[in-house]
Number of protein chains: 2
Amino acid sequence: MLRLSKLTDYATVILSFMASDSGTIHAAMEIASATGIALPTVSKILKQLVNANLLMSTRGAKGGYTLARTPDKISLATMITALEGPIALTECSISQQACGQATGCGIRGNWHLINQTIHNALESVTLADMIRPIPAKDAAWKQETLIPIASLYR
Amino acid sequence: MLRLSKLTDYATVILSFMASDSGTIHAAMEIASATGIALPTVSKILKQLVNANLLMSTRGAKGGYTLARTPDKISLATMITALEGPIALTECSISQQACGQATGCGIRGNWHLINQTIHNALESVTLADMIRPIPAKDAAWKQETLIPIASLYR
DNA sequence: TTAAACAGGACTAAAATAGTCCTTATTTTT
DNA sequence: AAAAATAAGGACTATTTTAGTCCTGTTTAA
């Protein structure tokens, strides 16, 4: 399904919330109630985002979290990497080492390219893009995008 | 990590092997020893590929599997979908229903768009591409897929 | 000094994934 | 007709990953 983990998904929701009120400091508790995600979970994610330098934290009473950069400087690729590590569709996209495959699979180089392409796509979307309303022709767009997925079933 | 499952990875190896000797019928056993993947696992994957209409099977002695189409007609998106179901980075990319998020997350529409872009990228790579030596810079598919999502908004 | 907040890490529970195996159906060979 | 080779379908188990919670310590404002 090529799925992001739930935590990564939450992270985008949390970051979107923070971006929509950028500059302000938000306590974990506040974020939890605003997003409806349980506090311990929010807390865990926020820590990871701080470690990845996407957020800055302030300790103590009146402390909390703020974005480390403006929303247009935070890419989706960065968010995903913060939670899941390097973007890599296959094991061999990560390391240069040969995988265990008997014959030497010969498609490794191509995986690397494919992976790079996906990465570029995710790099080109920023948090600023994500909090923007869906572009105008709402209905038309919905139709367009649903067709290809459905066509996989024919 | 945005990872494909191991089985999907195996599937690409199996299909690559079959594509490199396209037209011939291959028994599961043969594929297992050629690829170094254990027979029961190979067998499981082959069945899924038949169900997804990527392979055709022949029963009985001298039976086996062949590609249902030529390698240039089999996209990576199709292979992934065969093993993992529809390509969807997030839960809400799949269904039209609102997710449980309290406030209504407001980024759902954008997820659809991102998802579509990834899907297009994977659709543009075929099995034929994958068994070719690493493409030169002018390869058509590479260029096509480098569409910046952000540009869709501007 | 106390309360509010984050930091770090350990732990548990649940879910997904990978892998194996058994039984049945079909086809070719002897 | 029997035997051998092969796929189909599904059940089952083990392992790994993921999600989620909680505890203890540290920092800071009031």
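In what follows, every chain begins at residue 1, and chains take the letters A, B, ... in the order their sequences are listed. All heavy atoms count here, side chains included; hydrogens, waters and symmetry mates do not.
At least one side-chain heavy atom of A:L4 sits less than 4.5 Å from a side-chain heavy atom of B:W111.
Side-chain atoms of B:S75 and B:T78 include a donor-acceptor pair closer than 3.5 Å. Between B:T117 and B:N120, the side chains place no donor N or O within less than 3.5 Å of an acceptor N or O (distance only, hydrogens not considered).
Taking only side-chain atoms of A:K47, from C-beta outward, the nucleotide of D:dA7, D:dG10, C:dG8 with the closest atom is C:dG8. Side-chain atoms of B:P40 lie closest to C:dC21 of the nucleotides C:dC21, D:dA7, D:dT21. Distances were taken from every side-chain heavy atom of A:K62 (C-beta onward) to each of C:dC6, D:dA7, D:dA29; the shortest belongs to D:dA29. You'll find that the side chain of A:T41 is closest to D:dT21, out of D:dT21, D:dT6, D:dG9. Considering only the side chain of A:N51, C:dG8 comes nearest among C:dG8, D:dG9, D:dA19. The nucleotide whose nearest atom lies closest to any side-chain atom of A:K6 is, among D:dG20, C:dA7, C:dA18, D:dG20.
Checking the phosphate oxygens (OP1, OP2) of D:dT27, no side-chain nitrogen or oxygen of A:T58 falls inside 4.0 Å. Side-chain nitrogen and oxygen atoms of A:S5 include none within less than 4.0 Å of the OP1 or OP2 phosphate oxygen of D:dT17. Note on A:Y10: every side-chain N or O is 4.0 Å or more away from OP1 and OP2 of D:dA19.
Spacing between atom CG of B:L49 and atom C1' of D:dG9 amounts to 16 Å, rounded to whole angstrom units. Computed from coordinates, the B:H26 NE2 to D:dA7 P distance equals 12 Å when rounded to whole Å. Between the OH atom of A:Y65 and the P atom of C:dA7 there is a distance of 4 Å, given to the nearest Å. Look at CD1 on B:I25: it is 10 Å from P on D:dT6, rounded to the nearest Å. Summarising the geometry, the separation between CD on A:Q48 and P on D:dA19 is reported as 10 Å, rounded to the nearest angstrom. Note: CD (B:E84) to C1' (C:dT17) measures 11 Å, nearest angstrom. Separating the CZ atom of B:R59 from the P atom of D:dA4 is a distance of 20 Å, rounded to the nearest angstrom. Rounded to an integer number of Å, the gap from CZ of A:R3 to P of D:dA19 is 10 Å.
When hydrophobic clusters are built by joining Ile, Leu, Val, Met, Phe, Trp and Tyr residues whose side-chain heavy atoms come closer than 4.5 Å, directly or via intermediates, B:L7 is grouped together with B:L122.
No option in B:L46, B:L49, B:L83 other than B:L49 meets the side chain to side chain contact (heavy atoms under 4.5 Å, CB included) test with B:L54.
Comparing A:G60 and B:A61 by the nucleotide of DNA chain C whose heavy atom lies nearest to each, the residue mapping closer to the 5' end is A:G60.
Nucleic acid contact class of B:S43 (heavy atoms, under 4.0 Å, all strands): none.
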